[in-house]
Number of protein chains: 2
Amino acid sequence: MATSNILERPFINITNIIWSFDRATNQVNILLVKRDNSPYNQFWALPETFMRLQESADEAALRLVKEKIGMELSNSHTEQLATFTNKLRTPKSRALSLAYMTFLPDKPHLEPGYGAVDAKWFAMGYTDSSYRFSNGLLAFQTSECSNEGDYYDRFAHNESKPETHLAFDHEWILKIACDRIKNKLDYQPNILLVLGASFTLKDARMVYSPFLKTPINQIDNSNFKKSHRHLFTAVGTSADNRPGRPARVYKLAFIGA
Amino acid sequence: MATSNILERPFINITNIIWSFDRATNQVNILLVKRDNSPYNQFWALPETFMRLQESADEAALRLVKEKIGMELSNSHTEQLATFTNKLRTPKSRALSLAYMTFLPDKPHLEPGYGAVDAKWFAMGYTDSSYRFSNGLLAFQTSECSNEGDYYDRFAHNESKPETHLAFDHEWILKIACDRIKNKLDYQPNILLVLGASFTLKDARMVYSPFLKTPINQIDNSNFKKSHRHLFTAVGTSADNRPGRPARVYKLAFIGA
DNA sequence: TCAAAAGTGTTGCAAATACACCCATGG
DNA sequence: CCATGGGTGTATTTGCAACACTTTTGA
């Protein structure tokens, strides 16, 4: 029987799903890094760090953003996702993951060599049964399992490859993340923080689109406005040089309340 | 500057909010224990334990149920609440809390002396701005703060007393718990597991009542049935010896799917 | 056969959807 | 002045809340 000392404690990882929005392609993006250490060497993964003694998990999540992409943010852009503690999630020594999500107000260009071998933005898309994140030929999908037990049972016997699968249980974590964001779309759409301080209704619909698995032009602007009126407050009018009436810009009503 | 060794790791507490339903009083209850060690000696608190290396957090939560009330359960009765990592939450050494909720299928009688000085069931009630848990003259309320920052700011300067306040940040954790359950009432009411394997619509309304802060006879049975039809499946008819038509009994449709 | 408890049905209001129409801007 | 993009208005549909009514049981 294993000795169980109270002072023996598992590792605590902070896993951060960093979201941004690409104004050029009008797509939602997440940051993935290529691991250069064991386990899962050379696999793509969600950014992770160890938690330090003197910081809270939220602070650790923001430190990770600073380390990976050199951006300093207030914690109003970070939210807790969940904690992953399944014994099967790490191959050898036990490690918990405290998962957070950070919404960047814009999509910064990535400097190479910030600790990881490689870091890239992956644009969000979807299939019938999962969400998809791709960059060129690289593409990863969220888990199609609907409950945790099923996922880890299969996961344990799965010999995954770095071209097709993410490290650890990150395909599961990413599924939980997407589901959570989708569920909050109608009452607390923090995901819209990826649009920066203000946005047009069309911007918002472009962000909603992949989560709802609905093309943007199938989301009726009139109805979208009515049903989200209580969440947005108008702050002015956009002034861009293109044909058509300029759109109003809004901000999230519940931020800084 | 503080030394930050990767091997230095914070303590990991499992905090479990254990819910039950009292068939005699028709009230929702939670378990609180009176602490007999420092810090917060002699304060009432949510049941806690240290996480062991070889178990998942869910398993630790169930072990806690076993230790405190001698009941063995499958993990379908346990669900993750959130993780509390604020630096101010413990007075000296840093401790995270992974909070879980367990729904007991009945309300067991408590044997004295299961590790804690005292353990008692507290019946749920409500005020305008909080939820209330009482046992005789003892009564505790959930935090009235609506965001985490506000709570911990006040908490740090608060010299609380064991007659009126719970240990640590447990009034905050309990607030998050009640809010979560309330939010899930219309799409995944796991709280109904406190009613056991099956229940009548009236039973269900009695459980909903404190979370909705609405007296049971103000929850219209006809409308309640219609709006929750998709969550319940009929399994038979109750046979009790009292006047009036026997009620149908239902089970949760989404359990064991 | 009456009271109590539970289930069913009906109506009115309010929110959500589909879609037609009006407005502002650039070329 | 027309094409383009965006905002506004309206009719229809759907869902929810209030409440009256019917059914089943014990005494």
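The structure presented is a predicted model; accordingly, all values stated were derived computationally and were not measured. A, B, ... follow the sequence lines: proteins, then strands. Residue 1 opens every chain.
- Listed by first then second residue, pairs satisfying salt bridge (Lys or Arg N to Asp or Glu O under 4.0 Å) with a partner in residues 175-198 of chain B read B/Glu79-B/Lys184, B/Lys175-B/Asp179, not counting sequence neighbours.
- Taking B/Asp22 as the reference, B/Lys107 meet the salt bridge (charged side-chain N to carboxylate O under 4.0 Å, His left out) condition, with sequence neighbours excluded.
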Can A/Glu144 and A/Ser129 be said to form a side-chain hydrogen bond (donor to acceptor under 3.5 Å, both in side chains), step by step? CA-CA 6 Å; A/Glu144 301 188 1; A/Ser129 49; 3.2 Å; yes

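- Applying the ring pair (Phe, Tyr, Trp, His ring centres under 6.0 Å) criterion to B/Phe211, with sequence neighbours excluded, gives B/Trp19.
- The distance from atom CD of A/Gln218 to atom P of C/dC19 is 12 Å, rounded to the nearest whole Å.
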Using distance only, find each side-chain donor-acceptor pair of residues 193-202 of chain A under 3.5 Å and give its atom names and separation, not counting sequence neighbours.
{"unit_1": "A/Thr200", "atom_1": "OG1", "unit_2": "A/Lys202", "atom_2": "N", "d": "3.4"}
{"unit_1": "A/Thr200", "atom_1": "OG1", "unit_2": "A/Asp203", "atom_2": "N", "d": "3.1"}
{"unit_1": "A/Thr200", "atom_1": "OG1", "unit_2": "A/Asp203", "atom_2": "OD2", "d": "3.3"}

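- Among residues two or more places apart in sequence or in another chain, the side chain to side chain donor-acceptor pair (under 3.5 Å) test is passed with A/Lys226 by none.
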Short heteroatom pairs, N/O only, protein and nucleotides 4-6 of chain C, under 3.5 Å:
{"unit_1": "C/dA5", "atom_1": "N3", "unit_2": "B/Arg245", "atom_2": "N", "d": "3.3"}
{"unit_1": "C/dA6", "atom_1": "OP1", "unit_2": "B/Arg242", "atom_2": "NH2", "d": "3.3"}

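- Of all nucleotides in DNA chain D having an atom under 4.0 Å from a heavy atom of chain A, the first and last in 5' to 3' order are D/dT4 to D/dT10.
- A/Tyr131 meets the ring pair (Phe, Tyr, Trp, His ring centres under 6.0 Å) test with no other residue; sequence neighbours excluded.
- Nearest-nucleotide positions on DNA chain C place B/Lys225 closer to the 5' end than the other of A/Asn223 and B/Lys225.
- Residue contacts shown for A/Ser227 are absent, as no nucleic acid heavy atom lies under 4.0 Å away.
- Not counting sequence neighbours, the partners of A/Glu72 by the side-chain contact (heavy atoms from CB on, under 4.5 Å) test are A/Lys66.
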Give the C-alpha distance, both sets of side-chain angles, the deciding distance and a yes or no for ring-ring contact (aromatic ring centres under 6.0 Å, His included) between B/His228 and B/Tyr208. CA-CA 12 Å; B/His228 296 86; B/Tyr208 277 51; 5.3 Å; yes

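- Take B/Tyr187 and apply the ring pair (Phe, Tyr, Trp, His ring centres under 6.0 Å) test, not counting sequence neighbours, and it matches no residue.
- Near DNA chain C, meaning a heavy atom under 4.0 Å away, there are no residues from residues 181-190 of chain A.
- Rounded to whole angstrom, the span from the NZ atom of B/Lys226 across to the P atom of C/dT8 amounts to 10 Å.
- The interatomic distance linking B/Asp220 (CG) with C/dG9 (P) rounds to 15 Å, in whole Å.
- The stretch residues 207-224 of chain A participates, sequence neighbours left out, in no salt bridge (Lys or Arg N to Asp or Glu O under 4.0 Å) pair at all.
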